[in-house]
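Below: one structure, written as structure tokens.
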Amino acid sequence: MSTTRAQPDNYVVIGNPIAHSKSPAIHARFAELTAQAIDYQRLLAPLDSFVATVQTFIASGGKGANVTVPFKLEAFTLATELTPRAQAAGAVNTLKFDNGNILGDNTDGIGLVTDIIHNAGYSLRGKRVVLLGAGGAARGALLPLLQEQPAQLLIANRTVSRAQELLALAQEMSNGIDLQACRFEDLQGSADIIINATSASLHDDVPPFSPTLFSPQTLAYDMMYAAQPTAFLRLASSHGAQCRDGLGMLVEQAAAAFALWRGVRPQTTIVLADMRVAMQARS
Ligand code: ATR
């Protein structure tokens, strides 16, 4: 008796540049673990042709896409329907194509929160949480963070007006949470969880906050990841804090996208462990 293998459904990650993306490897592992027939490739879009690139992919039968730098705002505009978390983020990292409909989601923030709670084992409920940065990465994290009901959320940024804009958004999304916006230099006391959503780590830089924020119970989380600890995590570690980089966030945002597309949530623990080993081996 012969068996016919199902034709795989096609997915891509679209960005510019895109050659560095780890998403194909992550989704290939998820597909294996869940026995889903998918094909997931990198797709480089010219900087001025994101929409045309997506439309060509849809026309070829594509079922969904992840969207990365610099197209998350264009993806937000292109979507014909948005999830509440994409609406709150003002940006889209996941598209699902269905009969002419383009659903836009944002799984970055839920990826962060899932990694903190389920992989690192820290609760956010009732905690003092500090969010460093007020750009797209910080905004994407806002709603999922607030949904965990921390006691306090302090948003600190170099340009304080951007922190205040994020504060205004946060105030629309929550109640009963003490929300504040300030400069890095104005942060005082210790934090239960401090999340670096600035891009300072790209320049091996750390925002100028007081290291009294770190205690041995503090979880210091950098959304960036690299084979070696970022400057933020080196500082946190030297002050005795618990450290975690953004590799788990990367895997968890991918898992949330996979679940949206396929209706099944992959196991992430083994995939994250494999990614860690591969990253160390390449360094
Ligand atoms: P992303 O999408 O990665 O969030 P972004 O929207 O350009 O990118 O935001 C970058 C964030 O990192 C901002 O909060 C930025 O601060 P400003 O709003 O003042 O520009 C912050 N940032 C970048 N480099 C920094 C540095 N060297 N020190 C502190 N903050 C930095």
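Start at 1 and go down the list; that is how both ligands and their atoms are numbered.
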Contact list for residues 33-59, test salt bridge (charged side-chain N to carboxylate O under 4.0 Å, His left out), sequence neighbours left out: none
Those residues that, when tested against E165, pass side-chain contact (heavy atoms from CB on, under 4.5 Å) (two or more places apart): none
ring-ring contact (aromatic ring centres under 6.0 Å, His included) partners for Y11, two or more places apart: W261
Side-chain donor-acceptor contact under 3.5 Å, T56 with T53: no
Modelled atom types, side-chain donor and acceptor of N93 and T107, under 3.5 Å: yes
Within the 4.0 Å heavy-atom sphere of ligand 1, strictly under, residues: G133, A134, G135, G136, A137, N157, R158, T159, R162, F184, T198, S199, A200, D205
Beyond-backbone contact of I102 with I58, side-chain heavy atoms, under 4.5 angstrom: yes
